[in-house]
Amino acid sequence: MAKVLLVAFSCCPGMGSEAGIGWNYALRLSRRHELTLLTTHEFRRELEAYLAANPQVRMRIVYRASLLPRKLMVKSYATANLYYYLWQLTIIPTIRRLQRREQYDLVHHVNWGRYWMPAGAAFAGAPFVWGPVGAAEHASVAMLKGMTVRGKIAEITRNFMRRLLEMDPLTRLTVRRADCAIAATRETQARLRAWNPVCLELLSSVGIGPEDLSGLLPESTRDCLPAAAPSPAGDLASGDVAYDFVSIGRLLDWKGFHLGLRAFAQAGRAGMKYAVIGEG
């Protein structure tokens with residue numbers, strides 16, 4: 001059993017996206033290793049409720065706040081990334097202090113999954129795993145044409161920030177200090193290969209094993225999870241209606257829901273049903 005420090009900026013049981021990725025890695029690592037989880041205060045209530053309801057899950061959680069107010073910073077893509085960047089810098093003294101006291105065998109950065117931003121975990125002075133990280137992908141010209149003006153601005157902003165922060169010395173230092181860099185996508189793997197990391201692997205960022213998919217969460221844990229979002233279709237939750245197509249995710253332009261709608265319209269069959277599940 002190794003002593004592991006997992007750094008997950010977003011981490012919450014029962015959720016998807018980045019928060020779900022962080023939790024999946026934390027839960028699975030805690031089954032085999034002595035785990036310390038370093039995260040923000042955002043989902044403290046949900047994390048502590050889950051651990052109280054499941055005493056068999058053993059992990060120590062250290063919470064660290066950002067220097068900036070979350071509610072203000074998450075209102076745009078650019079400010080949300082600034083919020084994340086500064087949090088990574090803020091946690092460096094905490095990580096170094098924890099490493100001096102606990103002497104971790106491994107420090108693992110798991111999210112957000114941006115290859116073009118530095119990780120505070122790189123400065124722990126311990127063996128360092130970086131990833132899975134992604135975000136080397138970009139929207140094609142054809143896809144940009146179908147986006148809203150707001151979506152196009154967000155994509156242009158993301159590409160500008162990506163290119164700018166690729167040149168950040170702290171980002172390059174993160175790559176050099178990684179004993180293993182893990183890419184979530186082939187595009188990111190190709191981008192990281194140009195930086196010549198010591199070790200480069202390709203692995204999905206989901207963090208779920210086959211055994212997790214069979215039963216998912218036991219009934220006893222559901223009361224402490226965040227409430228489910230309301231169904232976008234009144235009869236979807238009941239299961240009374242069969243859907244031919246389902247799209248699930250945050251309703252953002254670059255997710256391509258507009259392409260799903262266009263494909264559904266062109267399918268040309270009467271009576272077909274399309275469920276879109278998400279927020280945004």
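Bear in mind the structure is a predicted one, so any value in this text is a computation, not a measurement.
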I would like to know whether Tyr25 and Ser205 meet side-chain hydrogen bond (donor to acceptor under 3.5 Å, both in side chains); could you show each step before the answer?
CA-CA 9 Å; Tyr25 273 90; Ser205 61; over 6 Å; no
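Using a distance-only test at 3.5 Å, with no hydrogens or angles considered, no donor-acceptor pair links the side chain of Glu46 to the main chain of Pro13. At least one donor-acceptor pair under 3.5 Å links the side chain of Asp105 to the backbone N or O of Lys3. Although no hydrogens or angles enter the test, the distance criterion places a donor-acceptor pair under 3.5 Å between the side chain of His33 and the main chain of Ala2. Of the possible donor and acceptor atoms, none in the side chain of Lys255 sits under 3.5 Å from a partner among the backbone N and O of Gly249. When atom types are taken as modelled, the side chain of Arg193 and the backbone of Leu200 share no donor-acceptor pair closer than 3.5 angstrom. A distance-only check finds a donor-acceptor pair linking the side chain of Thr39 to the backbone of Ala8 [under 3.5 Å]. Of the possible polar contacts, none joining the Gln88 side chain to the Ala119 backbone as a donor-acceptor pair under 3.5 Å is found. With hydrogens and angles ignored, the 3.5 Å screen pairs no side-chain donor or acceptor of Asp253 with any backbone N or O of Met147. Under a 3.5 Å cut-off, the side chain of Ser30 and the backbone N or O of Val57 do not form any donor-acceptor pair. No donor-acceptor distance shorter than 3.5 angstrom exists from the side chain of His109 to the backbone of Pro132, with no hydrogens or angles considered.
Within 6.0 Å of CZ in Arg172 there are more than 12 heavy atoms belonging to other residues, nucleotides or ligands. By the neighbour-count criterion of 12 heavy atoms within 6.0 Å, atom CZ of Arg186 is sparsely surrounded, having that number or fewer from other residues, nucleotides or ligands. Other residues, nucleotides and ligands contribute at most 12 non-hydrogen atoms within 6.0 Å of the CD atom of Glu201. In this structure, His138 places its NE2 atom where only 12 or fewer heavy-atom neighbours from other residues, nucleotides or ligands lie under 6.0 Å away.
Hydrophobic clustering places Leu89 together with Trp87 (ILVMFWY residues linked when any side-chain heavy atoms are closer than 4.5 Å, directly or through intermediates).
A perpendicular orientation is assigned to the rings of Tyr50 and Trp23, their planes being inclined by more than 60° (bins at 30° and 60°). The aromatic rings of Phe9 and Tyr83 stand perpendicular to each other, their planes meeting at an angle above 60°, with 30° marking the opposite boundary.
Salt-bridge formation is not detected for the pair Glu155/Lys152: no Lys NZ or Arg NE/NH1/NH2 atom is positioned less than 4.0 Å from an Asp or Glu carboxylate oxygen.
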